[in-house]
Amino acid sequence: MGFLSTFLGILGFGIGIPLGLLVGFYLFVYSEAKDVEEPVIRPLYELDSSALQDLLPEIPLWVKNPDYDRVDWLNKLISDMWPYLDKAICSMIRSMAEPIFAEYIGKFQIKGIKFKNLTLGTLPPAIYGIKAFETNEKELVMEPIIRWAGNPNIVLGLDLLSLPITVQLVDVQIFAAPRITLKPLVPTFPCFVNTVISLMEKPHVDFGMKILGGDVMSIPGLYRFVQESIKKQIAILYIWPQTLEIPVLDASTVLIKKPVGILSVNVVRALKLLKMDILGSSDPYVKLSLSGERLPAKKTTIKKNNLNPEWNEKFRLIVKEPDTQVLQLEVYDWDKFGSHDTLGVQLVPLKLLTPYEKKEFKLDLLKNSNSNNHQRQKPRGQIELELTFVPFKEDSAKFSRALDECASKGSGTQRASENGVESGAGLLIVNVLGAEDVEGERHNNPYALVLFRGERRKTKMVKRTRNPTWDEEFNFMLQEPPLNEKIHIEVFSKQTGMRFRSKESLGYVEINLTDDVHNGRINHECHLINSKNGVIHVEIRWKTI
């Protein structure tokens, strides 16, 4: 009986499997598929509270918040570029990690560290919405919502005590809301110098980690400890106001140089100048300027029939690069008709000066600044002058401590304080950035005119636009802070060509400078008077010395 039952069981099993496969295949091929029912679509207000709570986190931010824009085009671009971005990012990670790994080799019995495999996988991150901010600064500010549920394969090989250990990172999930700032904007591609990143809230980070093939994150308590430690460290480093700054362009080659101080020049006298006129002596005067500046040169008065003139005339020049700029001195013989003859030239590098310290120079005049052998030149006389370089208050920290001690000993840089504002000389910097919605009756070729203390400065004209961008800077050197004073800025439009009534006013504004002096720097966005919708953007800074 035992043998018979075993035989019948094997026979039934051998017949049942083929018969079952045959019946299943017949039913799969010849049976008719039922119609798929359409899913039930219900509006949100019909859902109960629990279903709504489960659904809300999955709704994109551009749906919940109108300030965020939908950027499907950007996600498509990232998806198409992801294979190339993967290689570029991994190459960057390798180059950044190599010096870090090198520091640990030889310590803790570690003999070697290297990536055995490094790829971010095939799933790119997605942007669930992006918010852009408008500022008066030269920058672009945006806040994207980034989610990445990736399938990376990152394998790190570690040689510890001659034992090869592999650490693998898998199944990474990162949800973050960074603030990305591109600044400052410059006229050189890609048109910004730095990328500044900071996180507005703690990110969500989740991943799996395998050591020697075993999932260590399954150890009770370790998962939560690792997650909280990572979030805490990221918060310390990058949560706003902490930032991560990534340089894109060399700032020294693209940034517009800003004033850092004032050079005071006292042209004292000249001695034994050449006689250039057949009848009578020379009529000398001095032109002085700083290298790298496009401003008109300063001029002394003309001393008639004098080969040993004394001027004792003082000038102030704006310094932007004290380490590289040079004071250029040119002595001319004034002629009533024709060009003026050159009596001699001389150069004084500003790096020879010590801030706050007056320095006297007695220099031999040269035929030209390019002469290689000055000893063989014909004597052309001498010039005496006194130079003092005074940095602006906010820039003085860049110089040595010894210089600050000179300033504190009463070398003429101490100033009395009144209502919290330091008195004394300084520089008023007016940067006319641009305007919006300026509209003329006959034409729209706007330019801006700046009027202050009788001085007139004008921007370039931008043709055929209602939203001009000038971004031009004007400097006014003052003996005292311009408290309770106003600066007048007016926008005009000028018709090109010779026509009657070719100029018309598009609006003006008068800005009280008291707040600018107190704060040191203010960005103004002012509605133009006598303009329907016109707005002008002006940055005003006050720097004291």
Side-chain angles (χ1 to χ4, degrees), residues 39 53-65 68-98 100-101 114-132 142-158 166-180 182 195 197-219 222-224 226-231 233-235 237-239 244 246:
Q53 290 294 332
D54 294 338
L55 182 62
L56 284 179
E58 304 302 324
I59 297 178
L61 202 58
W62 57 266
V63 176
K64 297 183 286 186
N65 191 332
Y68 285 81
D69 297 323
R70 184 176 181 178
V71 284
D72 290 343
W73 63 271
L74 184 56
N75 288 322
K76 180 64 167 61
L77 180 65
I78 294 175
S79 178
D80 293 342
M81 293 181 61
W82 184 244
Y84 309 98
L85 290 173
D86 178 18
K87 294 181 180 179
I89 295 173
C90 290
S91 176
M92 185 183 301
I93 293 174
R94 287 182 184 272
S95 61
M96 294 174 61
E98 285 180 358
I100 299 176
F101 292 164
K114 65 178 182 179
F115 284 109
K116 290 189 174 181
N117 197 355
L118 179 57
T119 176
L120 300 182
T122 59
L123 301 177
I127 299 178
Y128 275 59
I130 189 169
K131 181 180 180 181
M142 64 194 79
E143 288 185 7
I145 305 300
I146 301 175
R147 292 188 177 186
W148 182 40
N151 56 344
N153 185 16
I154 303 174
V155 181
L156 185 66
L158 180 68
T166 58
V167 181
Q168 184 178 13
L169 191 69
V170 295
D171 299 333
V172 176
Q173 293 186 7
I174 299 176
F175 301 160
R179 172 174 290 179
I180 302 174
L182 310 179
T195 300
I197 302 174
S198 60
L199 296 174
M200 305 313 295
E201 58 186 27
K202 288 185 178 181
H204 169 76
V205 181
D206 191 4
F207 58 88
M209 181 181 295
K210 295 181 180 180
I211 298 180
L212 296 176
D215 188 2
V216 298
M217 302 304 283
S218 61
I219 299 175
L222 181 62
Y223 175 80
R224 181 177 295 276
V226 172
Q227 300 299 318
E228 294 300 325
S229 298
I230 292 176
K231 291 181 181 180
Q233 291 300 319
I234 293 177
L237 294 175
Y238 303 123
I239 289 289
L244 170 64
I246 304 174

So, taking the atom named [atom1] in [X] and the one named [atom2] in [Y], what distance separates them when rounded to the nearest 0.5 Å?
| X | Y | atom1 | atom2 | value |
| --- | --- | --- | --- | --- |
| Lys114 | Leu158 | NZ | CG | 12.0 Å |
| Met209 | Asp171 | CE | CG | 12.5 Å |
| Met81 | Ile78 | CE | CD1 | 9.0 Å |
| Arg70 | Ile130 | CZ | CD1 | 15.0 Å |

Evaluate the side-chain proximity of [Y] to [X]: yes if any heavy-atom separation is below 4.5 Å, no if none is.
| X | Y | value |
| --- | --- | --- |
| Asn117 | Phe115 | no |
| Lys210 | Val167 | no |
| Thr195 | Ile180 | yes |
| Ile246 | Ile197 | yes |
| Pro125 | Trp82 | yes |
| Val155 | Asn153 | yes |
| Met142 | Leu182 | yes |
| Pro178 | Ile146 | yes |

Could you pull out all residues at least two apart from Asp80 that satisfy salt bridge (charged side-chain N to carboxylate O under 4.0 Å, His left out)?
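Checked Asp80 against salt bridge (charged side-chain N to carboxylate O under 4.0 Å, His left out); matches are Lys76.
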Is Arg179 salt-bridged to Glu143, cutoff N-O under 4.0 Å?
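Salt bridge present between Arg179 and Glu143.
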Backbone of [Y] reached by a side-chain donor or acceptor of [X] within 3.5 Å:
| X | Y | answer |
| --- | --- | --- |
| Asn75 | Ile127 | yes |
| Trp148 | Ala176 | no |
| Asp86 | Leu120 | yes |

Please report the closest heavy-atom contact between Gly150 and Pro152, naming both atoms and the distance.
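So the minimum-distance heavy-atom pair works out to C-CD, 3.1 Å.
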Least distance between heavy atoms, Leu123 atom then Ala149 atom
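Smallest heavy-atom distance, with atoms named: CD1-O, 3.4 Å.
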Carefully, step by step, assess Lys116 and Thr166 under the rule side-chain contact (heavy atoms from CB on, under 4.5 Å).
CA-CA 9 Å; Lys116 290 189 174 181; Thr166 58; 3.7 Å; yes
Using distance only, find each side-chain donor-acceptor pair of residues 89-98 under 3.5 Å and give its atom names and separation, not counting sequence neighbours.
| unit_1 | atom_1 | unit_2 | atom_2 | d |
| --- | --- | --- | --- | --- |
| Ser95 | OG | Ser91 | O | 3.4 |
| Ser95 | OG | Met92 | O | 2.8 |

